[in-house]
Novice: 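Please read through the structure below; I'll follow up with questions.
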Amino acid sequence: MGQQQLLLLVLGIVIVGLAVVVGISSFTENQEKSEIDRYTAIGVEMAGELIAWYKTPSAMGGGGEQTASLGAITIEDLGYTIDATQSTNYAGTDMTGTNEAGILKYVAQSSVHPYFHIHAMPRAVGMMRVEVHLFGPTPDCFVTRYGRWQTEGWSDGKAEGTAPDNPDATNCTW
C-alpha cells in the first residue's frame, strides 16, 4: 500500500510539473503575439496619420498630396517629438524617442516609400520589432512584418535591410 501511495504522489508531481511547464510556454507565446499586435497597431496608427498629413492641404500644414513632400516628412509632422538623445544613433531617421514603457518609434524613408519601425528599448538581442511599410495613400497599401532584433529575418521571409514587396504596384503608389 505504501508503494502505491508513493507512486501516486510521484505521478501527481510529474503531472503538476508538466502543467506548469505548458502554462509558462503558453503564457510566453501569448505575450509575444500580444507584443507584435501592439506594435503593429502603433505602426498602423502612425501610417494613418501619415496618410492624413499627406491628404491635408499644404496651406493647413499638410503634404497637399504632393509626392515630393513624402521625402521631406519628419516625425514632428505627425505630431510627435524627437528625443534628441537618441536621434543621432540612426542615420537618416527621425524618432519619437521612448514612450509607452520603453517602445521606440521612428519614421524613415526607403527609396520608394515611408515606413515606421517600432521596437522595445534597449535593443537587446531577442527584442521584438515591427515595421509598417506604406506603399500608397490607402489602408490597402500597408505591409506589416515583424521579427526579433538581428537574430532572424523578417516574418515575410526577407533578409535584414530589405524592403517588403509592394502589395499592388498599380494602386499602391504615391
Side-chain angles (χ1 to χ4, degrees), residues 24-55 62-63 67 69-169 171-174:
I24 290 172
S25 175
S26 296
F27 176 78
T28 304
E29 185 178 319
N30 198 20
Q31 181 182 13
E32 190 172 287
K33 288 179 181 176
S34 176
E35 197 171 290
I36 291 167
D37 290 344
R38 181 169 59 132
Y39 289 179
T40 302
I42 292 168
V44 169
E45 178 185 347
M46 292 175 73
E49 291 169 0
L50 177 65
I51 289 174
W53 178 85
Y54 174 76
K55 290 184 176 274
T67 304
S69 64
L70 289 171
I73 191 167
T74 65
I75 202 74
E76 295 104 325
D77 293 324
L78 301 178
Y80 297 94
T81 57
I82 290 178
D83 178 355
T85 62
Q86 294 289 332
S87 63
T88 58
N89 293 344
Y90 302 88
T93 61
D94 292 308
M95 302 181 304
T96 65
T98 57
N99 53 49
E100 290 188 39
I103 295 174
L104 176 67
K105 305 184 287 189
Y106 64 88
V107 61
Q109 289 286 333
S110 73
S111 59
V112 294
H113 66 280
Y115 67 94
F116 306 91
H117 188 92
I118 301 102
H119 63 248
M121 288 292 286
R123 273 190 331 189
V125 173
M127 287 292 204
M128 191 58 64
R129 70 221 167 108
V130 171
E131 281 187 351
V132 176
H133 292 254
L134 188 55
F135 287 93
T138 67
D140 296 335
C141 299
F142 293 2
V143 175
T144 62
R145 62 185 183 171
Y146 61 89
R148 293 191 175 277
W149 181 253
Q150 291 186 342
T151 58
E152 60 186 45
W154 290 101
S155 58
D156 61 2
K158 297 281 186 169
E160 195 68 39
T162 59
D165 296 327
N166 188 333
D168 182 357
N171 297 312
C172 293
T173 56
W174 296 98

Novice: Please name all residues satisfying salt bridge (Lys or Arg N to Asp or Glu O under 4.0 Å) with Lys55, sequence neighbours left out, ordered by chain then number.
Specialist: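 Scan of Lys55 (salt bridge (Lys or Arg N to Asp or Glu O under 4.0 Å), adjacent residues dropped) gives none.
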Novice: Taking atom CH2 of Trp154 and atom CZ of Arg129, what is their separation to the nearest 0.5 Å?
Specialist: 3.5 Å
Novice: Tell me whether Asn166 contacts the main-chain N or O of Cys172 through its side chain, where contact means a donor paired with an acceptor under 3.5 Å.
Specialist: yes
Novice: Return the set of residues passing side-chain hydrogen bond (donor to acceptor under 3.5 Å, both in side chains) with Lys158 (not counting sequence neighbours), or none when no residue passes.
Specialist: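 With neighbours one apart ignored, the set is Asp165.
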Novice: Which residues satisfy the side-chain hydrogen bond (donor to acceptor under 3.5 Å, both in side chains) test with Asp156, sequence neighbours excluded?
Specialist: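 Scan of Asp156 (side-chain hydrogen bond (donor to acceptor under 3.5 Å, both in side chains), adjacent residues dropped) gives Arg145.
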Novice: Evaluate the side-chain contact (heavy atoms from CB on, under 4.5 Å) criterion for residues Phe27 and Gln31: first the C-alpha distance (whole Å), next the side-chain angles of each, then the deciding distance (0.1 Å), finally the verdict.
Specialist: CA-CA 6 Å; Phe27 176 78; Gln31 181 182 13; 3.7 Å; yes
Novice: Distance-only criterion, 3.5 Å: show the donor-acceptor pairs between side-chain atoms of residues 137-144 and protein atoms not counting sequence neighbours.
Specialist:
none

Novice: Rounded to the nearest 0.5 Å, how far does CG of Leu50 lie from OH of Tyr115?
Specialist: 13.5 Å
